[in-house]
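Here is the naming used below: chain letters follow the sequence lines, and residue numbers restart at 1 for every chain.
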Number of protein chains: 2
Amino acid sequence: MSATIRLLLADDQALVRGALAALLELEPDLEVVAQVGRGDEVVAAARAHRPDVALLDVEMPGLDGIAAARALRAAVPACRVLVVTTFGRPGYVRRALEAGASGFVVKDTPAAQLADAVRRVAAGLRVVDPTLAIESLATGASPLTEREQDVLRAAADGGTVADIARATLVSEGTARNHLSAAMGKTGARTRAEAVRIARENGWLLG
Amino acid sequence: MSATIRLLLADDQALVRGALAALLELEPDLEVVAQVGRGDEVVAAARAHRPDVALLDVEMPGLDGIAAARALRAAVPACRVLVVTTFGRPGYVRRALEAGASGFVVKDTPAAQLADAVRRVAAGLRVVDPTLAIESLATGASPLTEREQDVLRAAADGGTVADIARATLVSEGTARNHLSAAMGKTGARTRAEAVRIARENGWLLG
DNA sequence: AACACGGCATGACAGATGTCACGGCAGAAT
DNA sequence: ATTCTGCCGTGACATCTGTCATGCCGTGTT
């Protein structure tokens, strides 16, 4: 087996990215071979540097970490994916694993544990925070249809129904129907509340 | 002058905290003497370990970084403060400096630049991203009154007017008046939009 | 072929929301 | 003492929002 595990880091915050690199470089068997700050640069970097494991953040410009994971698994199957993100939304975990990720770690886990997670992923094991895994199962998949997610996303910045209808290319009445359906499914009594609940559950990719 | 600069790190994400420590420990003249994950542990840690510079995140449980900076300056005047945060909200910069911080750095600045910022702060200089400083001046102080901020904070999770009135201990009519005033000052046409705009400008400590 | 489901749309209705005009009260500034 | 400002409240009004019933279309299931 190879002497060192080659890593790719993807995180939009340069400081965090550099700091993670410094942390991981402390381990003799780990080597950071590439760093990117955008999701749509992941595949190209992986093609160029052939990492064994890619650490991807979910919140990234260009392409979110989940989509980047899917693209990466398709383009460079030899590279395994460990998602490292701020929020442990149940929906994130589920979707990350469906996208082909081997592991899921939140950023408030102890630093000492990260290198271990990387090694396990490199060895072909799955690494998921047990608490998150349970919560993910309990919450279940998103009950929201595509359009319902669309209108919630459009509603996220606080516009009026007219704005939402314009953004989603449907009539105002239809927009209100989708909003109403989403509110029913989330148990919310307000658009804003529905947006918040959907967000917290990871049902909105934004 | 002292051989090494002693540092205190405060960030609620353990992984980021540890990674920053690793990054800064790479510099021969820097030494991380304490790490905490909550704002209300900053002062005690500073008293115990006497750091020269404290790196504080703004978003923290217990006590936000701005308030922690204020408390730290009062309790341990010898320790200078460098705020290191995710969001470069104009209001954050202004309030951080008013709270006695010597510097303000966002987390997507290059990693190489952090050590420099720390050294400058330790030397008694001010360090503020020029772009942020200008934006902060242009945006100006918050035009919102205390109550207006209160109702916006209460409105942030998407409740109804009745919920907001209950949370802020005012009548529904008054709540709507404050909301209306806040919407007028922010140029918003919806509560949710007013919340978003106030957030983006750093006018809501949450 | 019949059916269920999601997306789209319309129309109508009750209730919530945002606006406005008013007035009272306390503290700071003049 | 007077004025100003911010805070609190009431009441009324036009509008927006959320709900419901209903219908059409296309797709995939049975």
Using a cut-off of 6.0 Å, state whether more than 12 heavy atoms not belonging to R70(B) lie near its atom CZ.
-> yes

Between dC5(C) atom C1' and L144(A) atom CG, what is the distance in whole Å?
-> 16 Å

Nearest-Å distance, CD (E172(A)) to P (dC8(C))?
-> 15 Å

Have a look at R176(B) and say if it touches a base, only the backbone sugar-phosphate, or nothing, with a 4.0 Å heavy-atom cut-off.
-> base

If you check every side-chain atom of M183(B), which of dG18(D), dG18(C), dG7(C) has the closest atom?
-> dG18(C)

Once you round it to whole Å, what is the distance between P of dC16(D) and CZ of R166(A)?
-> 12 Å

Phosphate contact (dT19(D) OP1 or OP2) by S180(A) side-chain N/O below 4.0 Å | yes

Examine dC8(D): is either OP1 or OP2 under 4.0 Å from a nitrogen or oxygen in the side chain of R147(B)? Give yes or no.
-> yes

Between T190(B) and dT17(C), is there a side-chain N or O to OP1/OP2 distance below 4.0 Å?
-> no

Whole-Å distance separating the CD atom of E146(A) from the C1' atom of dG26(D) = 16 Å

Protein-nucleotide distance (H178(A), atom NE2; dT10(C), atom P), rounded to Å | 12 Å

For dG18(D), take OP1 and OP2 only and decide whether either is under 4.0 Å from a side-chain N or O of R191(A).
-> yes

Return yes when atom CZ of R189(B) has more than 12 non-hydrogen atoms of other residues, nucleotides or ligands closer than 6.0 Å, and no otherwise.
-> no

Please report the C-alpha distance between E200(B) and R196(B) in whole Å, then the side-chain angles of each, then the deciding distance to 0.1 Å, and finally whether the salt bridge (Lys or Arg N to Asp or Glu O under 4.0 Å) criterion is met.
-> CA-CA 6 Å; E200(B) 288 173 357; R196(B) 182 177 58 81; 3.2 Å; yes

Separation of dT19(C) P from K185(B) NZ (nearest whole Å) = 14 Å

With no angle test and no hydrogens, is the base of dC8(C) tied to the side chain of N177(A) by a donor-acceptor pair under 3.5 Å?
-> no

Counting side-chain heavy atoms from CB outward, which of dT17(D), dT10(C), dC8(D) is closest to T174(B)?
-> dC8(D)

May I have the distance from E193(B) (atom CD) to dC16(D) (atom C1'), rounded to whole angstrom?
-> 15 Å

